[in-house]
Number of protein chains: 2
Amino acid sequence: MSNNQFKRGELYSFITGKASTAIARRLQKKFNAANLNLTIEQWSVLYHLWKQDGISQQELCNASFRDKPSITRLVDNLEKLQLVKRVSSESDRRMNLIYLTKQALKLQDQTMELANETLNEALEGVSPDRIDVCREVLQIVYDNLK
Amino acid sequence: MSNNQFKRGELYSFITGKASTAIARRLQKKFNAANLNLTIEQWSVLYHLWKQDGISQQELCNASFRDKPSITRLVDNLEKLQLVKRVSSESDRRMNLIYLTKQALKLQDQTMELANETLNEALEGVSPDRIDVCREVLQIVYDNLK
DNA sequence: TTTGGATAGTTGTATAAACAACTATATGTC
DNA sequence: GACATATAGTTGTTTATACAACTATCCAAA
């Protein structure tokens, strides 16, 4: 028997990720209300490209904690939306380098603003140091399991 | 303007729920390794039924933070696996009451054990009071947004 | 230079979530 | 009792995820 550390309620919440689901839903609603035709998952890919443009799909896999087929299809859809372009690498023709379009660059400010707004709503009434503890714990969880 | 409370890394982790995703994946792998032919989502429905059997699909929606079509299909799949049975309510024929089968009752101990094990791995090296803070913050986030 | 293993990406299939539109049943009001 | 409205559940469609199997390219060792 492992131990008695977790009461049921805790266990369920941790595993099902109710909080992050709620945050993602709220942000999606904001995107929809702003007529941004963009899913949170697509946004999360753009998020990495805004930090560094022209990375490979494999690097997007690592950065976004998704497998290769997931990234293939997200990039497919982002390409349909004309937000990214696949460019075959000259030095290694196995790789596609993913580049943002002008249209995608324009989305950064507005969507980051909505994301910040969402987090402020989510964390209203929580003190900064408790947020810090929470963030650190979640990081350890991720590191423990990845 | 919202504020500057969040650095990028924090923001992304909170929204995409990397930690809970990692926990769910680890638990799924344990289910697979134990030859339990069961998804985490299906397990999370059983979880509520183990607490209270014979509730309606709508109550499962509320308990599991899912919409009605999601529950319809999860119950469909659980029925195919012969883990639950839909029983039309006598008092209100719009409702299906969902009952666990004997087979599903047998799964409770083993899967809860695997879930506890997973959480112990996830939270290794985190002190109980920090876990508490984290859990409380996540609960507030959920309450703020639901 | 050939060959075999590793790496990058794609495709097929199953499960799941969100949203809209739908059916069936219940209920309250006239 | 009839009708409007609300509630419970289902179905269709799109997007996303996981896993397995596949192709194409690269690279290193014989």
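Quick note: numbers below take in every heavy atom, side chains included, and nothing from hydrogens, waters or symmetry partners. Just so it is clear: chains get the letters A, B, ... in the order the sequence lines come, proteins before strands, and each one is counted from 1. This one's a predicted model, so the numbers in the text were calculated from it and none came from an experiment.
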*Can you sort out the partners of Q103(A) under side-chain hydrogen bond (donor to acceptor under 3.5 Å, both in side chains), two or more places apart, ordered by chain and number?*
none
*Would you please name every residue forming a side-chain hydrogen bond (donor to acceptor under 3.5 Å, both in side chains) with R66(B), sequence neighbours left out?*
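Listed in chain order: S44(B), S64(B).
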*Taking DNA chain D as the partner, which of residues 138-146 of chain A come within under 4.0 angstrom of it by heavy atom?*
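Those residues whose heavy atoms fall under 4.0 Å from DNA chain D, taken from residues 138-146 of chain A, amount to none.
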*Going 5' to 3' through nucleotides 12-19 of chain C, assign each nucleotide B (protein heavy atom under 4.0 Å from a base atom), S (under 4.0 Å only from sugar-phosphate atoms) or - (no protein heavy atom that close).*
BB-SSBBB
*Salt-bridge test for K30(B) and E113(B): reply yes if a basic N is under 4.0 Å from a carboxylate O, no otherwise.*
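Salt bridge flag = no for E113(B) with K30(B).
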*D67(B): what forms a side-chain contact (heavy atoms from CB on, under 4.5 Å) with it, not counting sequence neighbours?*
P69(B), S70(B)
*Could you tell me which residues satisfy side-chain contact (heavy atoms from CB on, under 4.5 Å) with E59(B), sequence neighbours excluded, listed by chain and number?*
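If we apply the side-chain contact (heavy atoms from CB on, under 4.5 Å) test to E59(B), skipping adjacent residues, the hits are I55(B), S56(B).
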*asked:* With heavy atoms of chain A within less than 4.0 Å as the criterion, where does contact along DNA chain D begin and end?
replied: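 Extent of the interface on DNA chain D: dT15(D) to dC26(D).
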_Do Q57(A) and N96(A) pair up side chain to side chain, a donor and an acceptor below 3.5 Å, judged on atom types alone?_
yes
_Using only atom types and a distance under 3.5 Å, with no angle test, would you say the side chain of W43(A) pairs donor to acceptor with the backbone of F31(A)?_
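No; zero donor-acceptor contacts below 3.5 Å.
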*Using the salt bridge (Lys or Arg N to Asp or Glu O under 4.0 Å) rule, collect all pairs that involve residues 81-90 of chain B, keeping only residues at least two apart or in two chains.*
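Pairs touching residues 81-90 of chain B that pass the test: D76(B)-R86(B), E79(B)-R86(B).
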*Which other residues end up in the same hydrophobic cluster as L97(A), if Ile, Leu, Val, Met, Phe, Trp and Tyr are linked when side-chain heavy atoms come under 4.5 Å apart?*
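V87(A), Y99(A), listed by chain and number.
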_Partner residues of F65(B) under the ring-ring contact (aromatic ring centres under 6.0 Å, His included) criterion, sequence neighbours left out_ =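 Partners of F65(B) by the ring-ring contact (aromatic ring centres under 6.0 Å, His included) criterion, ordered by chain and then number, come out as Y142(B).
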*Any chain of hydrophobic side-chain contacts (each under 4.5 Å) joining V84(A) to M95(A)?*
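Result: no, two separate clusters.
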Enumerate all atom pairs, one protein N or O and one N or O from nucleotides 24-27 of chain C, separated by less than 3.5 Å.
| residue | atom | partner | partner atom | Å |
| --- | --- | --- | --- | --- |
| dA26(C) | OP1 | R93(B) | N | 2.9 |
| dA26(C) | O4' | R94(B) | NE | 3.4 |

_salt bridge (charged side-chain N to carboxylate O under 4.0 Å, His left out) involving D143(B) - partner list, sequence neighbours excluded_ = K146(B)
